[in-house]
Amino acid sequence: MADYNFREIEKKWQAYWEKSQTFNAQPDPNKAKFYVLDMFPYPSGAGLHVGHPLGYIASDIVSRFKRLQGYNVLHPMGYDSFGLPAEQYAIQTGQHPALTTEENINRYTQQLKNIGFAFDWEKELRTSDPSYYKWTQWIFMQLFDSYYDKKEDKAKSVDELIEAFKTSGTASVQAICDDDTPSFSAEEWNNFSEKQQQEILLHYRLTYLAETTVNWCAELGTVLSNDEVKDGFSERGGHPVVRKKMMQWSMRITAYAERLLQGLEKLDWSEPIKEMQRNWIGKSLGAEMVFKVKGQDAHIKVFTTRIDTIYGVTYLALAPENELVEQLVTSEQENTVSDYIQTAKNRSERERMTDVKTISGAFTGSYAVNPFNQEEIPIWVADYVLAGYGTGAVMAVPAHDERDYNFAKHFGLEIRQVIEGNMEEGSFPGKGGTIMNSGFLTGLPMQEAMNSAISFLEEKQIGKGKIQYRMRDAIFTRQRYWGEPLPVYFKDGMPYLIDKKDLPLVLPEVDKYLPTEDGAPPLGRAKNWNYKTADGEYPLELSTMPGWAGSSWYFFRYMDPKNADELVDKDIQNYWEAVDLYIGGSEHATGHLLYSRFWTKFLYDRGLVNVEEPFKKMINQGMIQGRSNFVYRIKGTNQFVSYHLKGAHETTAMHVDVNMVYNDQLDLDQFRKWRNDLADATFILEEGKYICGAEVEKMSKSKYNIVNPDDVIERYGADTLRLYEMFLGPLEQFKPWNTNGIDGVFKFLKKLWRLYHDQDANPSVSDEAPSPEELKTLHKAIKKAEEDLKDYSFNTSVSNFMICVNELTALKCNKRAILEPLAVIISPYAPHIAEELWSLMGHKQSIVEASYPAFNPAFLVEDVHEYPVSINGKVRVKLPLSVSLSKEEIEALAMENEIVQRWLEGKTPKKVIVVPKKIVNIVL
RNA sequence: GCGGAUGUGGCGAAAUUGGUAGACGCACUAGACUUAGGAUCUAGCGCCGCGAGGCAUGGGGGUUCGAGUCCCUCCAUCCGCACCA
């Protein structure tokens with residue numbers, strides 16, 4: 001005698017799975033593999049809320065389903081445990097971030113285990129664990145020891161580069177390097193000092209130290225990467241960010257720009273995410289060319305995508321930060337220009353970005369020469385030109401570019417049309433027109449004009465066709481404590497890697513987690529933060545790695561997380577290859593997902609892994625928003641009026657904890673106990689209830705709308721939580737958490753439970769043979785469940801199970817032949833109850849060892865369908881027709897029918913359309 | 001401004017290639033039962049209409065025997081990028 005006691009059942013099976021290591025995955029060459037991965041969480045102090053598990057539930061369903069289908073499934077979980085919040089907390093409280101992190105992780109793990117995920121906890125990893133970050137540091141070292149060879153289009157060892165320098169200098173080298181990299185002969189190289197050589201190599205290394213313009217956040221005391229800055233403010237904390245030049249480590253991700261772009265084609269990712277990466281990489285085809293400055297030994301390099309409009313150039317514009325400005329400005333213009341630059345600098349980055357309307361600039365007094373027609377054109381400084389893109393200088397064609405047009409108009413500069421078309425106010429003949437007024441380009445269509453202009457440039461050696469990317473190299477250092485130390489020491493001002501045997505370079509203890517008095521990063525406080533070598537003791541790097549370092553390769557480490565000798569065993573990695581299905585939020589589109597692809601390509605180039613892309617297929621689950629509830633206090637009183645009656649009063653809305661509201665009805669007792677001042681609150685009720693208002697907002701403590709999964713589990717059980725999160729709507733959609741309707745799935749589980757029990761609640765299944773009707777119900781469900789999983793429509797799958805159970809309940813079906821496969825197909829969604837029912841039916845093994853029931857279409861065939869027959873699309877009558885008839889037979893049968901005959905009144909139909917299984921339509 | 005997505009009952013949402021729109025669930029209504037429960041079962045539930053019937057998938061137009069689905073256009077909401085030369 002037992003009701004559906006989810007508390008007992010769930011505890012029992014979670015303990016069972018843990019004890020028997022049910023989900024431990026080992027490579028097995030006889031089985032096809034499937035690797036399902038979730039984006040691992042940062043363990044924050046707030047714990048999991050109900051939105052976090054959404055993606056994990058989806059991946060868990062897939063992992064269990066694949067397993068039932070006979071795949072060897074890898075489904076791990078771990079923690080991205082380096083990060084700012086733990087450090088901020090440490091600054092406030094003095095508690096070591098490692099301790100805070102440990103506590104948070106324990107809480108997360110407990111919460112995750114309560115939901116009953118099929119994670120292989122043996123594979124758990126933490127990025128802040130020295131045994132893990134040893135290999136993050138090791139990859140950094142590989143990057144430092146590599147350069148990008150253009151000929152072979154891959155990363156190679158710096159040793160090979162040095163070899164080439166020794167024998168032939170830069171002549172034979174085609175490698176990606178900084179713009180200001182010098183050329184030299186073999187002889188020169190061999191005569192360079194150690195320091196000079198190291199300095200040159202830094203121009204080639206895939207991770208390098210260089211003076212870079214960075215996003216500096218003073219409040220956080222650290223630099224931020226482009227994807228951590230939103231509209232001039234830090235993504236975390238919302239502090240102002242300024243541009244600043246600093247010595248920083250960078251990752252030469254730009255070397256991989258083209259491959260990162262091309263690789264997208266082969267990935268099974270959502271189009272929006274791919275598009276976001278394409279925009280971020282920002283490839284544009286064009287030309288780079290040099291303008292000589294009249295009367296001076298100076299050149300201005302510009303990048304343009306419209307070299308075909310070269311005859312329409314009427315001025316050049318330089319970014320205020322461009323170093324040439326100082327050289328070009330004439331004495332008469334000196335004051336004007338320096339004033340302008342000063343104003344431009346004082347305008348914050350943010351202002352400059354938002355305020356795109358204001359047109360400003362200053363004339364330098366110098367002129368450049370257009371090499372195509374020897375025309376002299378003025379050189380201006382303008383802040384609409386960005387220092388960070390292209391060359392920081394543009395050739396302006398006011399007739400065919402809106403910004404150039406506005407600028408020319410504002411300052412009265414010449415506007416010269418060179419593309420045929422209608423030139424009216426605000427209209428710019430653009431792509432596709434024929435070139436006019438343009439010397440040897442006149443009369444050519446755009447593409448041909450571009451080609452011949454580029455040939456001209458290349459002949460004269462003043463320019464070339466060029467591909468420009470918007471993406472910048474990624475800054476790789478943070479002036480923070482709670483991150484991976486860089487395995488680098490400095491000798492003679494030059495960075496050197498520490499010896500591999502000294503890995504991991506463990507994060508040192510510090511007295512405070514703040515910068516030192518003279519502004520060095522927190523590691524400057526560590527005692528003896530030096531590196532001992534045979535020839536002396538040298539200072540170690542004080543910065544640490546950014547948050548994305550550890551998360552850029554963790555998917556490989558899961559395969560072999562305890563390996564002390566390699567980042568991952570080769571054979572093991574060859575077996576699991578890459579992630580088959582990756583589930584996570586779309587907010588990482590340009591950060592984590594791009595960096596991971598970059599590192600994977602690098603590891604591939606250096607022969608460390610056998611795949612070039614880490615995530616074959618990706619699904620982006622939508623965020624679950626909060627749904628806040630409100631009560632309405634009548635002004636100046638302690639009386640609250642129900643939502644629909646509030647119009648009659650002057651009220652102020654007040655957030656109320658959503659955990660004391662059920663279906664928008666407030667629990668008055670709980671409300672009175674909530675806060676002291678509410679103890680004597682009075683209410684104006686509607687129909688005896690207090691109804692709350694509601695609004696969708698972000699989940700946050702201050703809005704009292706956080707729903708903790710533990711509470712839902714306590715009330716309804718983990719299986720209900722899992723089913724309900726899936727039932728809520730399509731996985732990829734953003735949606736508010738709303739418990740209206742959770743009773744529906746809970747009811748479903750109770751009904752399911754009852755199917756396997758008799759009226760006295762004793763387990764009872766019969767061995768009777770199932771009826772065709774019962775078989776049909778079951779096989780409909782099997783088929784639907786399989787189809788829905790293929791396109792990740794978990795929500796309709798849950799509905800489908802409900803229909804199946806309703807039908808079986810109506811049929812009073814308690815037959816083993818139906819109930820066994822039913823438990824199996826439901827088990828990925830509601831694993832605990834399925835296990836329990838499975839064992840009640842006498843199985844000794846876990847349900848995860850079962851196999852997915854085969855769908856048999858034979859059971860779905862009905863003998864007779866009701867076919868609607870319509871005339872010109874209007875449905876008139878339903879006729880019983882056999883499904884086994886051919887299209888022609890159905891047609892004939894419909895036409896012979898008496899009623900149809902009467903409608904036709906002797907008219908001959910134009911055509912008769914038979915839509916299989918749906919309708920017979922007679923067109924007159 | 002550019003790019004992407006979405007728009008269906010009171011609510012969450014379904015709807016293979018265009019083929020009986022609103023499955024399933026919530027809420028609601030009526031009834032049954034009962035150890036009175038946040039329980040279970042039965043029936044109803046898009047809108048207008050007593051009814052036959054008519055109207056309905058953001059608005060308008062088009063293709064088609066037939067459009068939520070395809071095409072054009074407009075509107076609204078959300079997301080991403082944003083002076084990228």
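In what follows, chains are A, B, ... by sequence order, proteins preceding strands, each numbered from 1.
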[X] [atom1] - [N] [atom2] separation (whole Å):
| X | N | atom1 | atom2 | answer |
| --- | --- | --- | --- | --- |
| A:Leu723 | B:C26 | CG | C1' | 16 Å |
| A:Leu728 | B:A14 | CG | P | 11 Å |
| A:Lys751 | B:C24 | NZ | C1' | 10 Å |
| A:Arg627 | B:A27 | CZ | P | 13 Å |
| A:Ile624 | B:G12 | CD1 | C1' | 12 Å |
| A:Asp788 | B:A23 | CG | C1' | 12 Å |
| A:Lys750 | B:G25 | NZ | C1' | 15 Å |
| A:Asn740 | B:G25 | CG | C1' | 11 Å |

Kindly give the atom pairs (protein nitrogen or oxygen, nucleotide nitrogen or oxygen) under 3.5 Å for nucleotides 76-78 of chain B.
none

Check your understanding: According to a 3.5 Å limit on both distances, what stems of 3 or more consecutive Watson-Crick or G-U pairs are formed with RNA chain B?
Key ->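 Stem list for RNA chain B: B:1-7 with B:75-81, B:10-12 with B:24-26, B:28-32 with B:40-44, B:46-48 with B:53-55, B:58-62 with B:70-74.
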In whole angstrom, give me the gap between the [atom1] atoms of [N] and [M].
| N | M | atom1 | answer |
| --- | --- | --- | --- |
| B:G1 | B:C11 | C1' | 37 Å |
| B:U20 | B:A32 | C1' | 33 Å |
| B:G9 | B:C47 | C1' | 9 Å |
| B:A67 | B:G62 | P | 12 Å |
| B:G22 | B:C45 | P | 11 Å |
| B:C81 | B:C74 | P | 26 Å |
| B:C72 | B:U63 | C1' | 11 Å |
| B:G53 | B:G49 | C1' | 8 Å |

Exercise for review: Map A:Ala810 and A:Asn806 onto RNA chain B by nearest heavy atom, then report which one ends up closer to the 5' terminus.
Suggested key: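 Residue closer to the 5' terminus by nearest nucleotide: A:Asn806.
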Point to revise | Residue mapping more 5' on RNA chain B - nearest nucleotide basis, A:Asn279 or A:Gly388 | key: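 The residue whose closest nucleotide sits nearer the 5' end is A:Asn279.
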Point to revise | A:Arg627 versus A:Trp737, closest heavy-atom pair with distance | key: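 Nearest pair, atom of A:Arg627 first, then A:Trp737: CB-O, 3.1 Å.
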Fit a plane to each ring of [X] and [Y], take the angle between them on a 0 to 90° scale, and name the class: parallel (under 30°), tilted (30 to 60°) or perpendicular (over 60°).
| X | Y | answer |
| --- | --- | --- |
| A:Phe6 | A:Phe746 | perpendicular |
| A:His588 | A:His592 | perpendicular |
| A:Tyr4 | A:Trp753 | tilted |

**Study point:** CG (A:Asp179) with more than 12 external heavy atoms under 6.0 Å
**Key:** no
Check your understanding: Around atom CD of A:Gln759, are there more than 12 heavy atoms of other residues, nucleotides or ligands at under 6.0 Å?
Key ->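 Counting neighbours around CD of A:Gln759, 12 or fewer heavy atoms of other residues, nucleotides or ligands fall under 6.0 Å, so no.
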Which one, [options], comes nearest to the side chain of [X]?
| X | options | value |
| --- | --- | --- |
| A:Val394 | B:A13, B:G25, B:A85 | B:A85 |
| A:Pro730 | B:A85, B:G3, B:A14 | B:A14 |
| A:Arg754 | B:C41, B:A13, B:C81 | B:C41 |
| A:Leu386 | B:C83, B:C24, B:A14 | B:C83 |
| A:Phe727 | B:G12, B:G38, B:A85 | B:G12 |
| A:Arg470 | B:G80, B:A82, B:C26 | B:A82 |

Does OP1 or OP2 of [N] have a side-chain N or O of [X] closer than 4.0 Å?
| X | N | answer |
| --- | --- | --- |
| A:Gln733 | B:A13 | yes |
| A:Tyr384 | B:A85 | no |
| A:Lys735 | B:A13 | no |

Review point. Atom CG in A:Asn795, atom NZ in A:Lys735: separation rounded to 0.5 Å?
Key: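 Nearest 0.5 Å value for the CG-NZ distance: 7.5 Å.
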Check your understanding: Quick one: CG on A:Leu666 to CZ on A:Phe671, what's the gap to the nearest 0.5 Å?
Key ->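 Rounded to the nearest 0.5 Å, the CG-CZ separation comes out at 6.0 Å.
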**Study point:** Of A:Leu822, A:Leu752, A:Asn814, the residue whose pairing with A:Leu808 passes side-chain contact (heavy atoms from CB on, under 4.5 Å)
**Key:**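 Of A:Leu822, A:Leu752, A:Asn814, side-chain contact (heavy atoms from CB on, under 4.5 Å) with A:Leu808 is met by A:Leu822 alone.
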Check your understanding: Quick one: does A:Arg278 reach the base of B:G3 with a side-chain donor-acceptor pair under 3.5 Å?
Key ->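 Answer is no: no donor-acceptor pair is held.
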Check your understanding: Got a sec, which pairs hit ring-ring contact (aromatic ring centres under 6.0 Å, His included) with one end in residues 776-804 of chain A, sequence neighbours left out?
Key ->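 Passing the test, one end in residues 776-804 of chain A: A:His779-A:Phe859, A:Phe801-A:Tyr829.
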Point to revise | In B:G9, glycosidic geometry as syn within 90° of 0 or anti otherwise | key: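 Classified syn.
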Exercise for review: List for me each residue that meets salt bridge (Lys or Arg N to Asp or Glu O under 4.0 Å) alongside A:Lys783, sequence neighbours excluded, and say none if there are none.
Suggested key: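 Applying salt bridge (Lys or Arg N to Asp or Glu O under 4.0 Å) to A:Lys783 gives A:Glu787.
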Show me the side-chain donor-acceptor pairs of residues 464-471 of chain A shorter than 3.5 Å, one per line, residues at least two apart or across chains.
{"unit_1": "A:Lys466", "atom_1": "NZ", "unit_2": "A:Glu288", "atom_2": "OE2", "d": "3.1"}
{"unit_1": "A:Tyr469", "atom_1": "OH", "unit_2": "A:Glu258", "atom_2": "OE1", "d": "2.3"}
{"unit_1": "A:Arg470", "atom_1": "NE", "unit_2": "A:Asn279", "atom_2": "O", "d": "3.2"}

Review point. Hey, is A:Glu271 close enough to A:Arg278 for a salt bridge, meaning N to O under 4.0 Å?
Key: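 Yes, this pair counts.
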Check your understanding: In this structure, which one of A:Tyr405, A:Phe407, A:Phe291 forms a ring pair (Phe, Tyr, Trp, His ring centres under 6.0 Å) with A:Tyr315?
Key ->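 Among A:Tyr405, A:Phe407, A:Phe291, the one meeting ring pair (Phe, Tyr, Trp, His ring centres under 6.0 Å) with A:Tyr315 is A:Phe407.
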Exercise for review: Please list residues of residues 795-804 of chain A whose heavy atoms come under 4.0 Å from any atom in RNA chain B, ordered by number; otherwise none.
Suggested key: A:Asn795, A:Thr796, A:Ser799, A:Met802, A:Ile803
